[in-house]
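Just so it is clear, the structure is predicted and the values come from calculations on it, not from any experiment.
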Amino acid sequence: MSLAVIKFSSEECGICHKMAFYDQKVAEELGLQFIDVKMQDTAAYRKYRKILLTQYPDKYEMGWPTYIICESPEGEFNIKGEVKGGHPKGEFRTRLQQVLDSSSS
């Protein structure tokens with residue numbers, strides 16, 4: 001099972017920028033592929049838009065940033081869970097691990 005964390009963020013978001021100092025490292029330490037999608041990057045956004053819109057059809061309740069954990073993001077994806085908003089490094093790791101634990105049971 002190939003799992004990835006897709007980070008949907010904005011270049012204007014201060015919390016998104018703060019999280020960038022450790023979110024990729026934490027995801028990779030947990031054995032996850034990390035994909036960074038800035039909403040202003042139209043090519044990357046188009047590529048992963050279907051995943052975001054499956055979780056948030058109108059983008060109304062998404063957080064900044066929103067991390068969607070999914071299987072096979074390049075193909076027939078399967079969303080396993082999400083982490084929304086900014087968190088301290090340890091809490092972010094715990095929340096990602098909770099998604100992994102609940103998706104494997």
Side-chain angles (χ1 to χ4, degrees):
M1 177 166 68
S2 170
L3 288 177
V5 174
I6 305 171
K7 176 184 182 181
F8 291 94
S9 64
S10 170
E11 292 174 354
E12 289 111 35
C13 170
I15 295 171
C16 300
H17 179 71
K18 180 181 170 192
M19 293 290 293
F21 288 102
Y22 53 83
D23 55 11
Q24 181 172 357
K25 182 178 184 210
V26 169
E28 290 173 351
E29 285 173 359
L30 293 173
L32 303 166
Q33 176 189 4
F34 186 84
I35 301 167
D36 191 4
V37 178
K38 294 202 176 19
M39 301 300 264
Q40 293 85 353
D41 179 349
T42 52
Y45 176 70
R46 268 192 216 121
K47 184 173 182 178
Y48 297 103
R49 181 181 128 180
K50 185 170 33 166
I51 295 169
L52 179 64
L53 295 180
T54 297
Q55 194 75 353
Y56 296 102
D58 59 8
K59 296 189 234 171
Y60 177 69
E61 293 183 16
M62 70 180 282
W64 294 101
T66 290
Y67 299 88
I68 296 179
I69 299 89
C70 74
E71 185 178 14
S72 304
E74 307 292 332
E76 294 296 317
F77 64 90
N78 181 12
I79 296 174
K80 300 296 186 180
E82 68 180 1
V83 175
K84 292 194 300 189
H87 305 283
K89 185 177 183 179
E91 185 178 343
F92 179 67
R93 179 186 312 278
T94 300
R95 288 177 180 249
L96 280 179
Q97 189 63 57
Q98 287 171 340
V99 171
L100 297 174
D101 292 345
S102 67
S103 72
S104 66
S105 42

*Atom CG of Asp23 and atom CZ of Arg93: how far apart are they, to the nearest 0.5 Å?*
12.0 Å
*asked:* Would you compute the distance between atom CD of Glu29 and atom CD of Gln97 and round it to the nearest 0.5 angstrom?
replied: 11.5 Å
*With respect to Val83, which candidate in Lys7, Gln98, Glu91, Arg95 satisfies the side-chain contact (heavy atoms from CB on, under 4.5 Å) definition?*
Arg95
*Counting N and O atoms only, with roles assigned by atom type, does the side chain of Gln55 sit under 3.5 Å from a partner on the main chain of Ile68, one being a donor and the other an acceptor?*
no
*Side-chain donor or acceptor of Lys84 paired with backbone N/O of Glu61 under 3.5 Å*: yes
_Check for me, please, whether Val26 and Tyr67 land in the same ILVMFWY cluster - side-chain distances under 4.5 Å, paths through other members count._
yes
*Grab the two heavy atoms, one from Val5 and one from Ala27, that are nearest each other, plus how far apart they are.*
CG2-CB, 4.1 Å
*For the atom pair CD (Glu11) and CG (Asp41), what is the distance rounded to the nearest 0.5 Å?*
8.0 Å
_I'd like to know if the side chain of Lys89 reaches the main chain of Phe21, judged simply by a donor and an acceptor atom lying under 3.5 Å from each other, with no hydrogens or angles considered._
no
*Are the ring centres of Phe8 and Tyr56 closer than 6.0 Å?*
no
*Do the side chains of Asn78 and Glu76 get nearer than 4.5 Å, heavy atoms only?*
no
*If you look at every heavy atom in Val99 and Glu82, which pair is closest and at what distance?*
CG2-O, 3.8 Å
*Hey, what do you get for NZ (Lys50) to CZ (Phe77), rounding to the nearest 0.5 Å?*
5.5 Å
_Reported CG-to-CD1 distance for the pair Leu96 and Ile69, which is rounded to 0.5 angstrom_ = 5.0 Å
_Minimal non-hydrogen separation, Met19 against Gly85, with atom names_ = CE-O, 4.3 Å
Run the side-chain donor-acceptor check on residues 30-39: report pairs under 3.5 Å with partners two or more places apart or on a different chain.
| unit_1 | atom_1 | unit_2 | atom_2 | d |
| --- | --- | --- | --- | --- |
| Asp36 | OD2 | Lys38 | NZ | 3.0 |

_Heavy-atom pair with the smallest gap, counting every atom of Cys16 and Pro65_ = SG-N, 3.6 Å
*Is any side-chain heavy atom of Trp64 less than 4.5 Å from a side-chain heavy atom of Ile15?*
no
_Spacing of CD1 belonging to Ile79 relative to OG1 belonging to Thr54, to within rounding of 0.5 Å_ = 5.0 Å
_Flag side-chain contact, heavy atom, 4.5 Å: Glu74 against Lys47_ = yes
*Give a yes or no on whether Phe92 and Leu3 share a hydrophobic cluster (residues Ile, Leu, Val, Met, Phe, Trp, Tyr; joining criterion: side-chain heavy atoms under 4.5 Å apart).*
yes
